[in-house]
Amino acid sequence: MSSINVTLPDGSRKEWPAGARPIDIARAISPRLADDAVVARVNGEFYDLTRPLETDADLQILTSKNPEALEVYRHSTAHLLAAAVLELFPETKLGVGPAVENGFYYDFERATAFAPEDLEKIEAKMWELQARDLPYERRLTPKAEGLKKYAGMGETMKCELIEEKASEIFTEYLLGPKFVDFCRGPHVPSTARIKAFKLLSIAGAYWKGDEKNQQMQRIYGTAFFTKKELDAHLTKLEEAKKRDHRKLGQELDLFSIQELAGPGLIFFHPKGGTVRKILEDWMRDQYIARGYSLVYTPHIARSDLWKTSGHYNFYAENMFKRMELDDAEYQLKPMNCPFHILIYADRMRSYRDLPVRLGELGTVYRYERSGVMHGLLRVRGFTQDDAHIFCTPDQIGDEIVNCLQFAIDTLKTYGFDAYQAEVSTWDGGVSGKYDGTPEQWEMAEKALSEATAKLGLEAKVMPDEAAFYGPKIDVKLVDAIGRLWQLSTVQFDFTLPRRFGLEYIAEDGKAHQPLMVHRALYGSVERFFGILLEHYAGAFPVWLAPIQVEVLPITDRQLEYAQSVVAKLKEAGLRVHLDDRKEKVNLKIRDAQMQKVPYMLVVGEREAQNGTVSVRNRRHGDQGVKAFDEFLADIQKLAADRTPFE
RNA sequence: GCUGGCGUAGCUCAGUUGGUAGAGCGGCAGUUUUGUAAACUGCGGGUCGGGGGUUCAAUUCCCUCCGCCAGCUCCA
């Protein structure tokens, strides 16, 4: 065949000589296109721009305007990184180097650790290689020959990968004199295509992600098509740092973690406590409105309970150590479920009693390994808004729908408009690692997917990601700067009802096992608090703000009037603070701004005389003078409506 | 838990050929009575994360423990 049919990016079909390269075709169409080209897609698959076409092709040229091309671009930058490392530190051995969500990394093995200063050197070397416009050269290599070659270079990890993944003839990519990598590609044609990147950090990572394997040094970087996009991303990282809940928690005096008390244990200060109470009250009120019963259960229980539930054996490494009391052994609770189950099982249940929905803000303690704690987001003691629903098979559909609706309403209330759902299912029973019968799994998974459909919730199915005791649906939210957080979860449990021998008497007069569902919507109150704090960058909406109004008298001659304003606001149920320090109003404003108080009322001579207040909003600045009653009505409405962003 | 980095005043941070520590802000006292993001002056404040070692002498060098940070692994 001397010619091939190519469907061009504009949809037209044209004949080209066999062996034409996508980049040549791009050039023929427009030099501009060729300059912008990052990668080709041929018959739906990524394809090197410089790799000759051999068959009829549906050709697309992906340029830097196409977000899909970014992955190829970043992967190419990872190769550039590895090539630079080998230039500077030739003894380094290679692991893997993929593109990831916001950049790329490459794993290396080397006797000495990379120092932070090394990143600068490596980056400089990368630019040097970039300037030389080295080609990403693709080569086909027979497996046996390749293995011998990589073994000769001492690249044992590459050999391992080749053994596992390579076909009889595999592709590898060369870049510069030293770097060759077993890699499917594709890559950009040459290094000059890479215009904007930055190395970010060095961290440890286990070979193949398994902690039993040796640990390697991972260098993270990010890359974008333009300097402008790169700078925007770096700015976003800075922005994220500024709204780090740990920093805000300290600056706004909301919570702390005390070294003397231990890691992962949270102290809510008065202001944080105020916010937390509102979160908790809202949730309890919702429980009651939605037909849940509130219960309270202990924090410890005999080990016998944990043996019955199975946690004693299967969850032991996550539990705090056992304590001996008298002649019995007790353990702190890592979960609330067994306690709620005991309440359910405390009396005979009829089908007429179901569904039973038991809810609690239950504080649990889990022994987390030392390196995993993170502010409020990963702690050792936390409070779950935990509820367990016991119901009949007939009821399960509605129960799941109601849980999901509850979750959605919760997120909306707190100003999260973007969220996504994931349904985790089993493997069909092939591995035997899942508990429960195929009928149970089928019924439960059906209930979950029907509920998402009914609510118009787009749910990604995650096969073989379920817990061993049942399928689940997780709702993840997207915060104000686009990050994803996992919060709400609704999980079936086929195991515990059986272990505890739960039953209800059905219409047939016989005992049946009820269905059991775990669900938590905040997930953990602490974590939710942390996420909210970052979402609002510390500027809690009026209904949540620990101080809603700061009253700022200009001189102490207005103190009396200011106090009367404060008293009236308090009477109206608002959280108000009087700044009666003998300081200039500028300073008082600055302090209130930095504490992110939503409203500041400046009261001076004029206001005192006219019974008015001068309103300042933390976001929009001076709002001018208003009659006190007018201000009061405005702020009460904001609080009552739970307006997430004023 | 693992790899690497870090730990100095309430906070943010200076402080190298090893000679017992400083700044700004905050705090306290006084002066200033002030109109939309920092008035002025003065004064306190630190077992330099804990313990051990080397040394005439350790914030500085070594060991160990604790904690924090970035990841990994695990997870609400």
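Any value given below was found using the heavy atoms of this structure, including those in side chains, with hydrogens, waters and symmetry copies removed. Predicted model only: the values in this text are computed from it and were never measured.
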Base-pairing assignment for B/rA57 (Watson-Crick or G-U wobble, both under 3.5 Å): none

Euclidean distance, atom CG of residue A/L200 to atom P of B/rG4 [Å, nearest integer]: 21 Å

Nearest-nucleotide comparison on RNA chain B, the residue closer to the 5′ end among A/R557 and A/E583: A/R557

Euclidean distance, atom CD of residue A/Q593 to atom C1' of B/rA38 [Å, nearest integer]: 13 Å

A/E91 CD: over 12 foreign heavy atoms closer than 6.0 Å: yes

Between B/rG35 (P) and A/N586 (CG): distance, integer Å: 7 Å

A/D591 CG - B/rC25 C1' separation (whole Å): 11 Å

Nearest-Å distance once atom P is located in both B/rC63 and B/rG5: 12 Å

Any A/R616 side-chain nitrogen or oxygen under 4.0 Å from OP1 or OP2 of B/rG35: no

Euclidean distance for C1', B/rC56 against B/rU3 (whole angstrom): 40 Å

Pairing partner (Watson-Crick or G-U wobble, both distances under 3.5 angstrom) of B/rA14: none

Whole angstrom value for the distance that separates C1' of B/rG5 from CD1 of A/I219: 15 Å

Sub-4.5 Å side-chain heavy-atom contact between A/D634 and A/V615: no

Selected nucleotide, minimal atom distance to A/T555 side chain, candidates B/rA37, B/rG35, B/rU34: B/rU34

Short N-O contact, A/D244 and A/R246, less than 4.0 angstrom: yes

Atom C1', compared across B/rU31 and B/rU17: separation rounded to whole Å: 49 Å

NZ on A/K271 to CG on A/L254, rounded to 0.5 Å: 7.5 Å

Integer-rounded Å distance: B/rA29 P and A/R581 CZ: 14 Å

P gap between B/rA57 and B/rC65, integer Å: 26 Å

Worked verdict on A/K588 versus A/E550 for salt bridge (charged side-chain N to carboxylate O under 4.0 Å, His left out): CA-CA 9 Å; A/K588 297 182 182 182; A/E550 184 82 39; over 6 Å; no

A/L200 side, atom CG; A/L234 side, atom CG - distance, nearest 0.5 Å: 7.0 Å

Spacing of the P atoms in B/rA38 and B/rG27 (rounded, Å): 16 Å

Sugar-phosphate, base or nothing in reach of A/I554, heavy atoms under 4.0 Å: base

Sugar-phosphate, base or nothing in reach of A/A520, heavy atoms under 4.0 Å: nothing

Salt-bridge present (A/R284, A/D281; N to O < 4.0 Å): yes

Per-nucleotide protein contact string for nucleotides 64-76 of chain B, where B marks a base within reach and S marks sugar-phosphate only (heavy atoms under 4.0 Å, - for neither): --BSSSSBBBBBB

B/rG4 versus B/rG50 - spacing of their P atoms, nearest Å: 24 Å

Salt bridge present between A/E422 and A/K472 (N-O < 4.0 angstrom): no

Contact under 4.0 Å: A/Q250 side-chain N or O vs B/rG10 OP1/OP2: no

Touch class at under 4.0 angstrom, heavy-atom based, for A/V585 against every strand present: sugar-phosphate

Euclidean distance, atom NZ of residue A/K247 to atom P of B/rU12 [Å, nearest integer]: 8 Å

Counter-base of B/rC40, judged by Watson-Crick or G-U geometry with both distances under 3.5 Å: B/rG30

Atom pair distance, as rounded to whole Å: NZ in A/K212 and P in B/rU3: 17 Å

Separation of the P atoms in B/rC43 and B/rG51, to the nearest angstrom: 32 Å

Between B/rG15 and B/rA21 - C1' atom distance, rounded Å: 8 Å

Sugar-phosphate, base or nothing in reach of A/K582, heavy atoms under 4.0 Å: base

Whether A/F528 and A/Y414 hold their rings parallel, tilted or perpendicular, with breakpoints at 30° and 60°: perpendicular

A/Y367 side-chain proximity, nearest of B/rU34, B/rG1, B/rA37: B/rG1

Identity of whatever pairs with B/rG1 - Watson-Crick or G-U, under 3.5 angstrom: B/rC72

